[in-house]
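Heads up, the thing below is written out as structure tokens.
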Amino acid sequence: MSKDIRAVCIIGWPVEHSRSPLIHNFWIGQHALAGEYRREAVSPEEFADFIKELAQRGYVGANVTIPHKEAAMALSAPDDRAKAVGAANTLWFEGDTLRSTNTDVEGFLANLDQMAPGWDRGLDEAIVLGAGGASRAIVYGLLSRGLKTIRLANRTFSRAEALRERFGGRVKPVKWDEVGGLLAGAGLLVNTTLLGMNGKPALDLRLEDLDKSAVVADIVYAPLETPLLKEAKELGLRHADGLGMLLHQAVRGFSLWFGVTPEVTPELRSMVEADLAKPKPE
Ligand code: ATR
């Protein structure tokens with residue numbers, strides 16, 4: 001590889017399913033940059049060594065996905081956002097220092113801003129389903145927009161309680177089977193669980209009780225239209241899908257690595273949508 005090429009990778013285990021190379025290589029082409037974005041399948045045992053050798057391997061930065069987001073934070077100099085979320089998905093060098101941040105936060109917020117403008121105006125209460133890393137990024141983002149109450153429901157209740165410990169009393173853990181009864185009071189419903197994903201069961205939730213002005217967001221993007229989003233659409237509710245979040249979370253990494261702030265355009269979206277419609281690589 002030529003030294004003049006700025007190379008970036010996504011590190012995961014597995015990593016084949018990742019659409020990040022499609023997104024970043026699209027922008028690299030669009031801006032006619034001498035860059036390349038690759039996949040690196042790295043096991044948890046090899047991850048620390050891989051990160052230590054990132055620059056030697058010719059990389060100016062990286063994205064990190066499952067299961068490495070927590071380890072990536074521990075092995076780098078995280079910004080306040082990554083520290084608050086407890087996970088990093090984007091790495092870059094500031095001089096010799098490997099820095100990290102979490103762009104899921106702004107990916108989630110920017111997608112809602114685009115798909116449901118004004119969604120946070122006067123919004124007091126949201127329901128967030130799930131308590132993993134994605135949920136932490138979303139809860140952090142919602143709190144930063146001034147929400148008063150986030151009802152956090154998770155199958156394993158203790159993980160919902162852990163989010164209250166992390167983020168404070170505005171996060172209110174609720175029992176998984178109590179969510180249906182809370183819909184009427186919420187202006188935003190977000191799914192951060194795996195439910196609704198290809199090969200997984202759908203969420204068992206009826207949305208009729210949501211207010212007509214409520215917004216529904218899902219982080220699942222395969223399928224593009226999850227059963228949750230389909231129902232939201234049928235009820236005429238504003239909604240934001242997981243692909244939008246994926247596209248928007250990619251913006252800052254690209255800007256940090258290449259010095260150009262790319263745009264999330266309909267053309268980019270169609271290209272990734274077409275790829276999602278193809279049979280899955282096994
Ligand atoms: P991530 O870090 O990507 O958010 P994760 O930590 O594996 O991923 O979290 C996945 C979320 O989906 C969790 O909230 C998980 O609930 P548990 O904490 O109880 O495991 C949720 N989830 C996965 N399968 C589920 C199912 N069948 N029913 C309900 N929740 C489920």
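Position 1 is the first residue of the sequence, and the numbers go up from there. Counting convention: from 1, in listed order, for ligands and their atoms alike.
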Tell me the protein heavy atom at minimum distance from [atom], and give that distance in Å.
| atom | value |
| --- | --- |
| atom 25 (C) of ligand 1 | Arg155 NH1, 3.4 Å |
| atom 3 (O) of ligand 1 | Ile66 CD1, 4.0 Å |
| atom 5 (P) of ligand 1 | Gly132 CA, 4.1 Å |

Once you measure the plane-to-plane angle for Trp257 and Tyr37, does it fall in the parallel (<30°), tilted (30-60°) or perpendicular (>60°) bin? tilted
Using 30° and 60° as the class limits, which term best fits the ring planes of His31 and Phe254: parallel, tilted or perpendicular? tilted
Which residue is it: Leu228, Asp218, Leu224? I am looking for the one with a side-chain contact (heavy atoms from CB on, under 4.5 Å) to Asp241. Leu224
Using 4.0 Å as the upper bound for N to carboxylate O, is an ion pair formed by Arg81 and Glu106? yes
When you measure from the side chain of Asn89 to the backbone N and O of Thr103, does any donor-acceptor pair fall under 3.5 Å? yes
Out of Asn191, Asn154, Leu194, the nearest non-hydrogen contact to atom 14 (O) of ligand 1 is supplied by Asn154
Establish whether atom 18 (O) of ligand 1 and some protein heavy atom are separated by less than 4.0 angstrom. yes
Contact atoms of ligand 1, heavy-atom distance to [X] under 4.0 Å:
| X | result |
| --- | --- |
| Gly130 | 14 (O) |
| Ala131 | 14 (O) |
| Gly133 | 1 (P), 2 (O), 4 (O) |
| Trp176 | 29 (C) |

State, to 0.1 Å, how close Trp27 and Leu247 come at their nearest heavy-atom pair, and which atoms those are. CH2-O, 3.8 Å
Ignoring hydrogens, what is the shortest heavy-atom contact between Ala131 and Leu163? Give both atom names and the distance. O-CD1, 3.7 Å
Going by distance only, is there an N or O of Arg159 that falls short of 3.5 Å from an N or O of ligand 1? yes
So for ligand 1, is Thr193 a polar contact partner (N or O within less than 3.5 Å, distance only)? no
Part of Leu195 with heavy atoms under 4.0 Å of ligand 1, whether side chain, backbone, both or neither: side chain
Only counting residues at least two apart or in another chain, list the ones meeting side-chain contact (heavy atoms from CB on, under 4.5 Å) with Ala77. Thr97, Arg99
